[in-house]
Every structure is written in structure tokens, then in C-alpha cells.
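See structure below.
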Number of protein chains: 2
Amino acid sequence: MSRKLAYRNLPQLFLKAREELLCHFRPIISHFGLTEQQWRILRTLSEMEQLEPREICELCHILSPSMTGVLSRMEEMGLVTRTRVPEDQRRVIVRLTRKSEQLVSELGPLIEAQYRVIEQAFGPELIRQLYEVMDKVIVAERGPIQRIALPEKKDWANLQF
Amino acid sequence: MSRKLAYRNLPQLFLKAREELLCHFRPIISHFGLTEQQWRILRTLSEMEQLEPREICELCHILSPSMTGVLSRMEEMGLVTRTRVPEDQRRVIVRLTRKSEQLVSELGPLIEAQYRVIEQAFGPELIRQLYEVMDKVIVAERGPIQRIALPEKKDWANLQF
DNA sequence: GTTGACTGCTTAATATGTTAGTGATTACAT
DNA sequence: ATGTAATCACTAACATATTAAGCAGTCAAC
């Protein structure tokens with residue numbers, strides 16, 4: 001009767017490791033009145049000039065329904081502009097404003113400085129391993145992963161005992 | 001005029017890698033009407049017999065304000081019981097119910113099976129490296145990490161250009 | 001025994017995550 | 001040309017994340 005699963009909770013491990021890193025950047029980002037998601041978008045847009053919402057979703061790992069709210073708040077703050085594509089009325093182009101370009105040019109160096117501090121503390125070798133392993137997990141040059149068979153669905157939530 | 005930061009967005013990389021893993025477990029968990037957080041709690045409680053909310057917060061990486069809602073929903077579903085500690089009226093003991101113990105004993109093996117499939121696809125060596133690097137990031141046998149100096153706060157959000 | 005600091009859980013307010021579905025628009029096959 | 005499917009952004013409903021603050025219970029110094 002084994003009480004413990006054979007495998008440690010891997011997604012939870014990622015969550016913890018991510019927080020261990022993020023806690024060193026969060027103060028910087030919130031210092032400028034931004035959320036972490038907003039900074040991801042600003043950083044990405046500063047490198048890509050202009051993007052459409054679904055491209056930003058893909059690059060920043062934010063789901064489309066969240067993106068709607070995030071972008072409209074950023075538009076209200078004057079951080080981005082949204083313009084419809086004339087040729088395709090469904091699509092939208094998102095760009096940085098002068099204000100947010102200025103913001104990125106102030107914030108970017110601070111983020112980089114913090115990375116250097118972290119690299120110093122973690123050791124460059126660990127950072128290198130980190131990128132390496134993460135890329136192996138992500139790139140995933142493997143075939144589609146098998147999905148195990150699931151038993152018939154029981155509505156545990158409403159099941160009486 | 002370098003447009004790109006010298007460092008890749010590491011927290012975002014963790015987010016992506018985590019999602020790459022989680023997407024293989026999410027269907028299993030939601031098949032039983034659970035959320036990912038609920039499963040984290042069930043799994044932890046099944047290994048620890050009984051825990052107090054703040055301990056669950058620590059172990060499952062869920063903040064206290066979220067925990068309140070998650071636990072009360074789980075209590076309503078009959079997955080956990082919450083009883084106050086007589087000696088200290090502030091504290092609470094959370095336990096699994098028979099129903100949720102049953103649930104874990106059904107769900108656990110499925111999760112393990114999926115882990116084996118993933119280990120197969122990723123290669124055992126990658127999984128080993130993964131645990132190794134993650135632990136290095138988390139254990140953090142390093143001194144307190146320096147915090148860079150921040151410039152005077154400007155309220156960019158309301159700044160007019 | 002009061003006062004004051006602290007602890008543990010909760011509430012409040014806002015932002016985002018997650019799943020499902022809608023409406024308008026475009027692309028495509030007939 | 002026209003009906004149909006696909007695409008894209010958005011809305012809705014609910015759960016969780018995040019920060020700040022509230023509130024009752026405990027503990028210790030006075």
C-alpha cells in the first residue's frame with residue numbers, strides 16, 4: 001500500500017523554481033506599475049516592432065481571453081495602440097507607444113542588471129544548464145505523446161458516500 | 001542601439017516548459033472534475049495524513065487568500081474536512097474524506113502511468129537532468145541575493161506624453 | 001489583568017487563467 | 001455565385017493569483 005507516488009510532482013517543481021526566479025524581478029516590474037504579463041508583452045513588442053494579438057498570445061504564453069483584457073488595460077494606460085487591419089477586419093495590429101518605448105528603455109537595463117546578479121549568485125554554469133534543459137523540454141523533437149486510456153467518467157464531485 | 005535584452009526571459013521559459021508538461025496531465029485531472037490546484041492538495045494530503053492550511057500553502061505553492069476559496073469549494077464537494085484546533089481557535093486541521101481517498105487511489109495510478117509515458121518520450125536522462133537542475137535552482141544554498149537599486153518611482157501608467 | 005505585538009485565516013479588489021461559446025469576417029469548395 | 005467551414009477577436013462564467021487590509025485568537029511583557 002504505497003502512499004507516495006513514484007514520481008515527484010514535476011509541474012509543481014516548475015512552479016516553485018519559476019517563483020524562485022520571478023521574486024527577484026517582480027519588485028522591479030511593479031515598481032513601474034506594471035504586471036508581469038504586461039512586461040512580457042512590452043518586452044516582446046520592443047523586439048518585434050508590431051504584432052497581432054494571437055501572435056502575442058503565442059510568444060508570451062497568455063491565452064486569448066486573457067489577452068483581450070490585458071491589451072485593453074494597456075491601451076487605456078497609453079502603453080500600446082490597437083489598429084484594425086484594413087484588408088482583414090478580423091485582425092488587429094498592436095504596437096508600442098513612444099511612452100512605452102521610453103519605459104522599456106528604462107526598465108530593460110534594470111532587468112538585465114538583475115539577471116547579472118542572479119547569474120552571479122546561481123553560478124553561470126547553472127544558468128547554462130537551465131537554458132539547456134528547458135530547451136530540451138520545450139523543443140520536443142519527439143513524436144506525439146501517447147495519451148493513456150481513461151476510465152469511465154464518474155462525477156466524484158457530487159458523489160455521495 | 002540593442003533592441004534585444006542580453007538574457008532570454010527565464011521565468012517565461014519556465015512557464016512554457018511547465019505547460020508543455022502539464023498539458024499531458026490536465027485531461028486526466030479534469031476528467032475527474034478536479035482543477036490542477038485541487039489535485040495538488042489531494043496528492044499532498046494523501047501523503048501527509050493531515051495538514052493545516054498554511055502548511056498546504058507552503059507545500060502546494062498556493063497563496064493563503066486563494067487557499068481559502070479552494071478549500072471551501074473542496075469541502076463543499078466533500079473532498080476534505082476542516083476542523084478547528086481546540087487548543088488554538090485560529091488554527092484548522094484539513095483531512096481527506098473517504099471519498100477523496102478513494103479518488104486518489106484511482107487517479108494516482110493514472111498520473112503515474114502518464115509519467116511513465118512522458119519519461120519514455122522525453123528519455124529518462126532528460127527527466128533526471130530536469131530534477132537535478134530544478135533542485136539546484138530551488139535548494140538555493142546561496143546567500144541572500146542582492147537587490148539592485150531602483151530609480152525614483154515614476155507613475156508611467158498615468159504619464160502623459 | 002491589560003496592553004501591545006504577533007499569528008492564522010479571511011475578505012476585498014483587481015488581474016489573470018481556463019473552458020466554452022458567440023459574432024463578424026474571410027477563405028474555400030462547389 | 002453561394003453555402004460552408006475556418007479564422008479571429010471577443011464575451012461569459014468560473015477558478016485562481018496577487019496585494020492589501022481586516023479580525024479574532026494567542027502570547028508575552030509589564
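Each chain gets a letter, A, B and so on, in the order its sequence line appears, and its residues count up from 1. Here the structure is a predicted model, which is why all the values come from computation and not from measurement.
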Select one nucleotide: of [options], the one nearest the side-chain heavy atoms of [X].
X	options	value
A/T68	D/dA17, D/dT11, C/dT25	D/dT11
A/Q37	D/dT19, C/dC9, C/dG17	C/dG17
B/P65	D/dT18, C/dT25, C/dT19	D/dT18
A/I62	D/dC8, D/dT11, C/dG17	C/dG17
A/R91	C/dG8, C/dT18, D/dC8	D/dC8
A/P53	D/dG25, D/dA20, D/dA9	D/dA9
A/T35	D/dA15, C/dT16, C/dT19	C/dT16
A/L63	C/dG8, C/dT26, C/dT19	C/dT19
B/R73	C/dT16, C/dG8, D/dA15	D/dA15

With a 4.0 Å limit, can you tell me whether B/R82 has a side-chain N or O closer than that to the phosphate oxygens OP1/OP2 of C/dT10? yes

Does a side-chain N or O of B/R54 approach OP1 or OP2 of C/dT7 to a distance below 4.0 Å, or not?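 False: B/R54 side-chain N/O out of range (4.0 Å or more) of C/dT7 OP1/OP2.
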
Using 4.0 Å as the upper bound for N to carboxylate O, is an ion pair formed by [Y] and [X]?
X	Y	answer
B/R8	A/E132	no
B/R26	B/E19	yes
B/E58	B/R54	no

Side chain A/E47, main chain A/T44, donor-acceptor under 3.5 Å: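 Checked: no pair found.
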
With distance as the sole criterion, do the side chain of A/R90 and the base of D/dT7 form a donor-acceptor contact below 3.5 Å?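 Yes.
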
Grab the [atom1]-[atom2] distance between [X] and [N] for me, whole Å please.
X	N	atom1	atom2	value
B/L51	C/dC9	CG	C1'	16 Å
A/R40	C/dA15	CZ	C1'	13 Å
A/R18	C/dT16	CZ	C1'	12 Å
B/F25	C/dT18	CZ	P	16 Å
B/E87	D/dG25	CD	C1'	13 Å
A/Q38	C/dT14	CD	P	15 Å
B/L34	D/dC14	CG	P	19 Å
A/H61	C/dT18	NE2	C1'	17 Å

For A/L15 and for A/S66, find the nucleotide of DNA chain D with the closest heavy atom, then tell me which residue's nucleotide is more 5'. A/S66

Counting C-beta onward and ignoring hydrogens, is there a side-chain heavy-atom pair between B/L71 and B/R82 closer than 4.5 Å?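 Side-chain contact under 4.5 Å: yes.
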
In terms of hydrophobic clustering (I, L, V, M, F, W, Y; side-chain heavy atoms under 4.5 Å; direct or indirect links), are B/L22 and A/L63 co-clustered? no

